[in-house]
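Notes follow once the structure below has been shown.
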Amino acid sequence: MTPAEKGLYPISEVEKRTGLSARQIRYYESMGLVSPTRTNGGQRRYSEKDVLRLIQIKQMKESGFGLKSIKEKIQVFERNLEELSLSDVNHDREVLSSLFPVSNRAVLMKLLEKK
DNA sequence: GTTCTCACA
DNA sequence: TGTGAGGA
């Protein structure tokens, strides 16, 4: 991967890193679960955040959640993530942690630490 | 060669 | 969700 493209992955890379099929990745995008940027040629470029989010989605799916539930969780997560930059961090950590099952805590904390 | 969209025996 | 067609 060239230096200029660091942090931006083509769908083939995301497939490897998430274990999801390109079909699924594109489908989730249609549901508003991820928002990859596009190259001039129209190809998707996923950020580190997108990859992490897709991994969360995969884990939730494995935890038995339907895509409908996952979409709701993601939206709640997004809303709280915005508030995170404006309010008390420790309080939000508790709120966010309560929104995810134990299996997703690790990913969640990783996201929060990057903030 | 890779990815994109659309559509479906 | 997969897969093939037809383009870029």
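This is a predicted model, so every value here is computed, not measured. Just so it is clear: chains get the letters A, B, ... in the order the sequence lines come, proteins before strands, and each one is counted from 1.
In this structure, the side chain of A:E13 does not engage the main chain of A:P10 through any donor-acceptor pair within 3.5 Å. Proximity of a side-chain donor or acceptor of A:S63 to a complementary backbone N or O of A:F65 within less than 3.5 Å is not detected. A donor-acceptor pair under 3.5 Å is absent between the side-chain atoms of A:K61 and the main chain of A:G66, judged by distance alone.
For the residue pair A:R45 and A:Y9, no side-chain donor N or O sits within less than 3.5 Å of a side-chain acceptor on the partner.
OP1 or OP2 of B:dC4 sits under 4.0 Å from a side-chain N or O of A:R26.
One atom, CD of A:E15, and another, C1' of B:dT3, lie 10 Å apart when rounded to the nearest Å. A:R45 places its CZ atom 8 Å from the P atom of B:dC4, with the value rounded to the nearest Å. For the pair A:Q43 CD and B:dG1 P, the computed distance is 15 Å after rounding to whole Å. B:dT2 atom C1' lies 11 Å from atom CD1 of A:I11, rounded to whole Å. Atom CZ in A:R38 sits about 6 Å away from atom P in B:dC4, given to the nearest Å.
Between A:Y28 and A:L67 there is a side-chain heavy-atom pair separated by less than 4.5 Å.
In this entry C:dT1 has no Watson-Crick or G-U wobble partner, no candidate having both defining distances under 3.5 Å. With both pairing distances under 3.5 Å, B:dG1 is matched to nothing as a Watson-Crick or G-U wobble pair.
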Do any N or O atoms of the protein come closer than 3.5 Å to N or O atoms of nucleotides 1-4 of chain C, and which pairs are they?
residue	atom	partner	partner atom	Å
C:dT1	OP2	A:Q24	NE2	2.2
C:dT1	OP2	A:Y28	OH	2.7
C:dT1	OP2	A:K61	NZ	3.3
C:dT1	O5'	A:Q24	NE2	3.1
C:dG2	OP2	A:S21	OG	2.7
C:dG2	N7	A:R23	NE	2.9
C:dG2	O6	A:R23	NH2	3.0
C:dT3	O4	A:R23	NE	3.1

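No contact: A:G41 has no heavy atom under 4.0 Å from any strand.
Note on A:R26 versus A:E15: no salt bridge recorded, every NZ/NE/NH1/NH2 to OD/OE distance being 4.0 Å or above.
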